[in-house]
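Below is one structure; the comments refer to it alone.
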Amino acid sequence: MANLKGHKQELWIGLQDLSKAYDRINTSLLKLSLQRIGIPNKINTLILQLFTNRYNQVITPTGYTPQYKVI
C-alpha cells in the first residue's frame, strides 16, 4: 500500500511478464480472478484485451514472417 499525497489510498501496480508470451491463458479464469481480488472493471477489460484478438510476427534474418493469430 502506498500513501498518495496524504490521502491514504491503496496503490496497485501490475506488471506483465512477456517472457511467457507464447503460453496460453484461460481468459475466463483470469477475469474471475481479477474480479475476486477487486480489480475495477475498466482495468479488467484492459488486461483481458492484452490476451484477445492478437496477431504476431517473427523477425528472422530474411525479414518478417506473415502475421498469425495468437491463440
Side-chain angles (χ1 to χ4, degrees):
M1 280 188 250
N3 186 350
L4 300 174
K5 298 182 183 178
H7 294 283
K8 297 184 181 181
Q9 296 177 348
E10 280 189 31
L11 172 65
W12 288 59
I13 299 174
L15 301 173
Q16 171 65 39
D17 181 5
L18 294 177
S19 66
K20 301 285 184 179
Y22 296 102
D23 288 351
R24 292 186 181 191
I25 185 165
N26 184 325
T27 54
S28 298
L29 290 177
L30 176 61
K31 182 178 181 179
L32 289 173
S33 297
L34 293 170
Q35 288 172 343
R36 185 180 61 83
I37 62 173
I39 302 297
N41 286 334
K42 285 186 178 183
I43 295 174
N44 286 351
T45 301
L46 174 70
I47 291 170
L48 291 170
Q49 286 176 348
L50 293 173
F51 298 104
T52 56
N53 299 320
R54 294 178 30 219
Y55 289 85
N56 200 15
Q57 283 183 297
V58 178
I59 302 171
T60 67
T62 59
Y64 292 98
T65 63
Q67 287 188 350
Y68 59 90
K69 187 170 176 71
V70 178
I71 299 175

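Scored by the side-chain contact (heavy atoms from CB on, under 4.5 Å) test, Thr62 finds Thr60 as partners (sequence neighbours excluded). In this view, Thr27 and Ile25, Leu48, Phe51, Thr52 satisfy the side-chain contact (heavy atoms from CB on, under 4.5 Å) rule, not counting sequence neighbours.
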Quiz: residues 33-47 side-chain donor-acceptor pairs under 3.5 angstrom, not counting sequence neighbours:
{"unit_1": "Ser33", "atom_1": "OG", "unit_2": "Leu29", "atom_2": "O", "d": "2.9"}
{"unit_1": "Asn44", "atom_1": "ND2", "unit_2": "Ile39", "atom_2": "O", "d": "3.4"}
{"unit_1": "Thr45", "atom_1": "OG1", "unit_2": "Asn41", "atom_2": "O", "d": "3.0"}

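When hydrophobic residues (I, L, V, M, F, W, Y) are linked wherever their side-chain heavy atoms come within less than 4.5 Å, the members clustered with Ile59 are Tyr64.
Counting only distance, with no hydrogens or angles, the side chain of Gln57 and the backbone of Thr65 share a donor-acceptor pair below 3.5 Å.
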